[in-house]
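The basis for the numbers below is simple: all heavy atoms, side chains too, and nothing from hydrogens, waters or symmetry mates. For ligands, and for the atoms within them, numbers begin at 1 and follow the listed sequence.
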Amino acid sequence: MLKNSSKVEDFLTRNEEEEIIEAIRSAERNTSGEIRVHLETSCEGDAVERAVKVFDFLHMNNTRFGNGVLIYVAVEDRSLVILGDEGINNAVRNNFWESTKDTILAHFKNGAIKKGLVAGIHEAGEQLKAHFPYRPDDRDELSNEISTG
Ligand code: CA
Ligand code: CA
């Protein structure tokens, strides 16, 4: 189903990849929410529909509080979707991700993919914290690794 055979190193250097993973780790130390990043070259058709498919493919609905959030990027299209699971959607207003999206897209405009993602992950973590604070029994429910299409 994820038919493009792109790899993380097509989009990011090893160091950039590490920085992004560290940003996710760090964000998840403040919230029970689980953040994932998915990168692919481009998106045929509707990016939101594609992000929904990726969300399912990565079993991101598999969290205790339904608070997984996917940051989906079609790199060449500069197309970005932030998709939260039910627990998040029930807890927040509709435009919850708008400022995070704006932050990321502002960096993408300058070609700064890594910088945009790190800033976006940080902001998403801060926002999630208010609704889903970190819990002492926290587990890393969804991998922090970047997935690709
Ligand atoms: Ca967790
Ligand atoms: Ca995680």
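Taking a 6.0 Å sphere around CG of N94, one finds it holds 12 or fewer heavy atoms contributed by other residues, nucleotides or ligands.
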Got a list of side-chain donor-acceptor pairs under 3.5 Å for residues 109-118, not counting sequence neighbours?
unit_1, atom_1, unit_2, atom_2, d
N110, ND2, A106, O, 3.4
K114, NZ, E19, OE1, 3.0

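For R139, the nearest N, O or S atom to the Ca ion (ligand 1) falls under 3.0 Å.
Here S147 pairs with R36, H38, L58 under the side chain to side chain contact (heavy atoms under 4.5 Å, CB included) rule; sequence neighbours left out.
Listed by first and then second residue, the ring pair (Phe, Tyr, Trp, His ring centres under 6.0 Å) pairs that reach into residues 75-106 are F96-H131, sequence neighbours excluded.
With 3.5 Å as the limit, one finds no donor-acceptor pair spanning the side chains of T41 and D10.
Between R14 atom CZ and L12 atom CG the span is 10.5 Å, to the nearest 0.5 Å.
D138 has its closest N, O or S atom to the Ca ion (ligand 1) at the position named OD1.
Under a 4.0 Å N-O distance rule, the pair R64/D137 qualifies as a salt bridge.
Closer than 3.0 Å to the Ca ion (ligand 2) sit the protein N, O or S atoms E28 OE1, E28 OE2, E34 OE1, D140 OD1, L142 O, N144 OD1.
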